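Bear in mind that the values here come from a model prediction, so they are computed numbers and not experimental data. All residue numbers in this chain count up from 1 along the given sequence.
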Amino acid sequence: MVTEATARFSDQQLNRLFEAILVNDVAKDHVTLPETIPASFTDDVVRDCFEISHELWARQVDRRILVALVDHLVLSADLNSRERVNFKHIRAKFKHMRFACVLYTTRHQSPILFKSMTTLMGHVQDAFRNGHSLKTRLYALALRIMIISPCWRMMERELSRMKQETGAAFEEYLRKQISTLSDSLHADRMTAHHFHALRKIISRQVSFFDDYRTIFPDNRSDTMARYLSDLNGRMGRMHDDLVLQHAQGKQDYHKCQFTLDTALREKLNGLVHQYPMRRE
């Protein structure tokens, strides 16, 4: 458990990080990559990025508020506009911490309980947004069970036991992710499921640069974050459309293939071609 006495980052830094998270999927025209992409990171950078993500979650997610929101959902299957924003913000901090586990730890995976809770929060949010009362209540009830105090303490222990990567291993992980993206772009067509996997690569990258530029602010990391946010937003909108087509029975999410938008493919190729694939 992170307390004020053990905290390494200020409230201002945590607030600045969260402000970046809130716009990390906003598409903007005419954004460009920095002349050189930061790609060399020390062990301390990896540790600091993990810890600021952890502190954001541990210090700014109030379990009591989440309990109240979930209890309301169990009873009424809906939230008012203010409550929806509160739920969205809590979920955003969960998602960012999940990305931190995947990015910065040796297993490159989120702990099972934390991952399950984050996923379930997404199901709850989708259900009440779409007006599915029964699904909302069922998912909220399951979430209510998961946020009882013993489960919450287990989740805190899971996170505290995560072992962080070295800087060199983290760099290699990022390069492998870009290599996977590059290989996928060689194909003319892909399924929605495959596209979603590519979007997760971009989402992780933007999550990292949000951490990095909060702790080590400079123009390169800001420019990189804006470029990735633009990609993340464009891919997010496209994925939402693919999910809708699947729900309407127009296109199977796992089997039907589509041609990637030319402008988006060019932006992804720009990232791939400029990314340094060897240690600086």
Side-chain angles (χ1 to χ4, degrees), residues 14-34 37-38 49 52-53 56-57 60-61 81 84-104 110 115 118-119 121-130 174 177-178 180-181 184-185 190 192-214 217 221-247 253 258 260-261 263-272 275:
L14 297 184
N15 292 338
R16 191 161 64 245
L17 172 58
F18 189 58
E19 288 171 4
I21 292 169
L22 290 178
V23 295
N24 71 7
D25 60 354
V26 175
K28 293 183 178 179
D29 293 329
H30 311 303
V31 292
T32 58
L33 285 163
I37 295 176
C49 287
I52 196 171
S53 300
L56 179 72
W57 178 82
Q60 293 199 357
V61 172
S81 57
R84 286 187 176 214
V85 170
N86 286 342
F87 191 92
K88 175 186 176 182
H89 286 184
I90 291 172
R91 180 172 176 253
K93 290 165 186 174
F94 266 83
K95 286 176 63 180
H96 190 78
M97 187 64 226
R98 184 178 65 182
F99 281 137
C101 294
V102 175
L103 282 163
Y104 309 127
S110 179
K115 179 180 179 180
T118 307
T119 301
M121 290 179 73
H123 292 326
V124 171
Q125 184 169 272
D126 289 342
F128 72 69
R129 275 180 174 175
N130 293 313
L174 292 184
Q177 292 276 287
I178 297 298
T180 298
L181 179 62
S184 298
L185 291 173
M190 65 184 67
H193 179 70
H194 190 180
F195 178 77
H196 182 52
L198 299 186
R199 195 218 170 182
K200 286 195 287 188
I201 291 175
I202 299 301
S203 296
R204 292 179 194 124
Q205 288 269 342
V206 72
S207 181
F208 162 60
F209 276 98
D210 283 343
D211 291 332
Y212 185 72
R213 66 179 172 145
T214 300
S221 57
D222 282 343
T223 302
M224 186 65 180
R226 286 195 296 270
Y227 190 90
L228 291 167
S229 295
D230 176 63
L231 275 176
N232 199 31
R234 292 171 188 270
M235 296 179 82
R237 288 203 305 266
M238 186 175 293
H239 183 256
D240 288 345
D241 184 58
L242 292 167
V243 170
L244 179 61
Q245 290 185 50
H246 175 76
Y253 187 86
F258 69 97
L260 193 61
D261 175 78
L264 178 57
R265 182 184 290 274
E266 288 178 356
K267 290 185 71 68
L268 288 167
N269 274 320
L271 173 64
V272 166
Y275 200 92

Under 3.5 Å: donor-acceptor pair, side chain of S53, backbone of C49: yes
Are H239 and Y253, when compared by the centres of their aromatic rings, separated by less than 6.0 Å? yes
Do R199 and D25 come within less than 4.5 Å of each other through their side chains, counting heavy atoms only? yes
Please step through salt bridge (charged side-chain N to carboxylate O under 4.0 Å, His left out) for the pair R234 and D230, ending with a clear verdict. CA-CA 6 Å; R234 292 171 188 270; D230 176 63; 2.9 Å; yes
Closest non-hydrogen atoms of I178 and Q205, given as atom of the first, atom of the second and distance, are CD1-NE2, 3.8 Å
Are T214 and L14 close enough that some pair of their side-chain heavy atoms sits under 4.5 Å apart? no
Does S207 reach the main-chain N or O of S203 with its side chain, forming a donor-acceptor pair under 3.5 Å? no
Any L198 side-chain heavy atom under 4.5 Å of M190 side chain: yes
Closest non-hydrogen atom pair between F195 and M238, with its separation: CZ-SD, 3.7 Å
Would you say F209 and P38 make side-chain contact, with heavy atoms under 4.5 Å? yes
Closest approach of R213 to D210 (non-hydrogen atoms, all atoms of both residues): NH2-OD1, 3.2 Å
Measure the shortest side-chain to side-chain distance between M224 and L271 over non-hydrogen atoms and say whether it is less than 4.5 angstrom. yes
Taking the side chain as everything from C-beta on, heavy atoms only, tell me whether F208 gets closer than 4.5 Å to Y104. yes
Is the backbone N or O of L228 less than 3.5 Å from a side-chain atom of N232, with the two atoms forming a donor-acceptor pair by type? no
Look only at the side chain of N24 and the backbone of A20, and say whether a donor-acceptor pair between them is shorter than 3.5 Å. no
Are F18 and H96 near enough that their ring centres are under 6.0 Å apart? no
Enclosure of K267 NZ (heavy-atom neighbours >12, cutoff 6.0 Å): yes
